[in-house]
Amino acid sequence: MEFNSPVDTNLFDDAKVIGKPTHRIDGPLKVTGSAPYAYERNDAAPDALYGYPLGAAIGHGRITSMDAEAARDAPGVRAVVTTLEIDPLEKGMNNVARLFGGDEVQHYHQAIAVVVADTFEEARAATALIEVQYEEGEPANLDLDEAFARVEGSGEPDTLVGDVDAAFRDADAVIDQMYRTPGESHTMMEPHASTVDWSDGEDMTVWTSNQMIDWNRQSIATTFGIDQERIRVESPYVGGGFGAKLWLRADAVLAALGSRAAGAPVKLALPRPMVMNNTTHRSATVQRIRLAANADGRLKGLWHEAASYCLPGGRGENATAQTPVFYAGETRRVKNHVVDMPLPETADMRAPGEASGLMALEIAMDEMAEQLGMDPVQFRIANDTQVNPSEPDKPFSDRHFVECLERGVEEFGWASRNTAPGQKRDGDWLIGHGVAGAYRGALVLPSGARAILDGGKLIIETDMTDIGTGSYTILAQTAAETMGMDVEDVEMRMGNSAYPVSSGSGGQFGGPSSSSGVYAACMALREKIAGNLGIEEASFNGGRVTGGDVDMALSEINEEVSAEDAIQWGEFQKGYAMGTFGAHFVEVGVHAYTGETRVRRMLAVCDSGRILNPVTARSQVIGGMVMGVGAALSEDMALDRGRGFFANHDMANYEVAVNADLPDQEVIFLDTLDGVATPLKAKGVGELGLCGVAAAVANAMYNATGVRVRDYPLTMDKFIDRMPEV
């Protein structure tokens, strides 16, 4: 199915299933422990051996020798594979670091060996017996501030609109500040894990925890130089990913090598320190933001320059991603720098770019509002735009940012907020209120599915994954709505490379793309059923198909009917700016004596098209809000600059927000309709829930204390000495 023009009205506008609160159809499997995750595939590989990885103990350099004889002689050991025994493997899709092979060490905890044994304990103990000698590389400069100072002002701007210098020269108000965000880890519950059967060295089956089945399969084929048709990948349940599992990682590679060497299936999960140092993370950023405005509050100029780090060839973290498109302004200059550093690989983490960029931009917007003497909500409203400000001929397909702000003002009680920083008290607590805007692009990808009607049961097959987002449920709802059936009549089969290729899960594109693919397949099935019954114009409702002289239950169709199709996106979408928008409101308390910060309540108002399922969508947004609080107050990958690794590489020392940190969260969906975005008029929402949250917390803390902190996380040591006198 080609989506070649904006959709006006269709069957989803009179929905009976789509948009209705529906509990997760996979929920019972998960809460009873019956859902099979990658490390637990005893159903598929009951006799799997255990693999355990060894990571490099230097930041960069080369390995001069490895002695694994003691490990090979250890009890229970079936095989040992070291990196010196393997030529450097090819890089799969978007892999920046090589995952195994050769003597070069590009980053700390790079995988350099795998031990396979009868038990986990035997494999882990034997790994410790491998002796490794290194030749360390020259000391690297890992100071991102120094790197930013070196590259600032260099290179052609990524976006340049108008005479920015003149705008700043003629403005009534100007701010110019530096902002810093630290490295962040995805810290999903399920570590990177795979069970692999490559025991014959020919055909390979990979049961893995991965967000993108087809990308993963392609990368495995590239990495090992084998035909993709010889590889089957399954990932029906993923215990969180947040972008860390978009690409092939060392767990699958090591399990495959171990399986081939041992001649048996092997399961391997990366220990948490290797999840944090061996896989990927969000790069730290240094950002300089300059804003120029007229006295009436309208922006004249936006200047945003940022730097992040990555291994050579990587993408880093583009903290300027939102600045060309989010707010109006006569002129703007935007430049993103990626600096090479020998650190563990940086790559996509939930809302890559916008998450870090809005942490800075939305503080800057508050600072400008204060300088102008404006309500920060009204300042944002004054700078709304219905066109891409960097390409004024390109309108937004649908944008309701102002409505998000206005609805938030009403529901949050913004009128009764603290208006003078440091002036509102509740016992020993200083009370503050903050707001921030949210923006995330609305990307879509081609996505396919197969729809099968068999004895009244509708079966949907697609390689789409569910990383905790509710994919099983919204796709079942989509299929049921399209075929005029109930959700209970739909059987979802997902996460298997034997099924049609979908968009996969990531970039907030999974929901809108894969639901459109299922819709396309079901429409093809409708056409096939109608053709078989000789109906020119068929109607599908209440589990029946009607048209002409035919009126029969779908369960009465005796023969299995199957159809396959995929959604393909038309060129017309390039004529629009497509995004999702939101507003976050936060109330905090900061202890007047200790500086301890507690979030008291939060509100998110979201504009992201039709909400396919308010239950799963709300879960996504409140999860993003939790991540935003962690980013604001505690998360910081502590870089050992001398050794080039992250020292707090476990869940005891890398501090994420938990239930006790979030007492009251509310989510409001405008439930708008974007006919340009998808046939369902839906857009993604999972990353929008994170965008802007940290800045709303930061702005609330400033409002509570009168102390402005621009370096995240906002720990008490950064402002305690500047707190108001008690």
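Side chains are part of it too, since the values below use all heavy atoms of this structure and drop only hydrogens, waters and symmetry mates.
- N699 and R708 are linked by a side-chain donor-acceptor pair at a separation below 3.5 angstrom, with hydrogens and angles left out of the test.
- For H591, the ring pair (Phe, Tyr, Trp, His ring centres under 6.0 Å) criterion is met by W429, Y593, not counting sequence neighbours.
- Applying the side chain to side chain contact (heavy atoms under 4.5 Å, CB included) rule to A244 yields the partners H186, M188, H192, T280; only residues at least two apart in sequence or on another chain are considered.
- D717 is linked by a salt bridge (Lys or Arg N to Asp or Glu O under 4.0 Å) to nothing, counting only residues two or more places apart in sequence or in another chain.
- When atom types are taken as modelled, the side chain of N418 and the backbone of A420 share a donor-acceptor pair closer than 3.5 angstrom.
- By the 30° and 60° cut-offs, the orientation of the rings of F148 relative to H337 is perpendicular.
- For A328, the side chain to side chain contact (heavy atoms under 4.5 Å, CB included) partners are T385, not counting sequence neighbours.
- Looking at R249 and E345, a side-chain N of the basic residue comes within less than 4.0 Å of a carboxylate O on the acidic one, giving a salt bridge.
- Every residue two or more places apart in sequence or in another chain that forms a ring pair (Phe, Tyr, Trp, His ring centres under 6.0 Å) with H649 is listed here: H109, F645.
- Here E305 pairs with R333 under the salt bridge (Lys or Arg N to Asp or Glu O under 4.0 Å) rule; sequence neighbours left out.
- Residue pairs meeting the ring pair (Phe, Tyr, Trp, His ring centres under 6.0 Å) criterion with at least one member in residues 701-722: none, sequence neighbours excluded.
- R380 meets the salt bridge (Lys or Arg N to Asp or Glu O under 4.0 Å) test with E362, D366; sequence neighbours excluded.
- Electrostatic pairing of K424 and E587 does not count as a salt bridge here, judged by no charged N lying under 4.0 Å from a carboxylate O.
- Listed by chain and number, the residues in a side chain to side chain contact (heavy atoms under 4.5 Å, CB included) with S209 are A38, E190, V238, K245 (sequence neighbours excluded).
- Residues D143 and R150 are not paired through a salt bridge, judged by the lack of any N-O separation under 4.0 Å between the basic side chain and the carboxylate.
- No side-chain donor-acceptor contact under 3.5 Å links E184 to the backbone of E635.
- Within the structure, ring pair (Phe, Tyr, Trp, His ring centres under 6.0 Å) contacts touching residues 280-313 (residues at least two apart or in different chains) are H281-Y309, H281-F646.
- With sequence neighbours excluded, the residues satisfying salt bridge (Lys or Arg N to Asp or Glu O under 4.0 Å) with R290 are D176.
- Checked against a 6.0 Å centroid threshold, the rings of F401 and F326 count as neighbours.
- By the side chain to side chain contact (heavy atoms under 4.5 Å, CB included) test, N94 is found to be paired with W247, R315, residues two or more places apart in sequence or in another chain being considered.
- Shortest non-hydrogen contact noted between G314 and V96 is CA-CG2, 3.7 Å.
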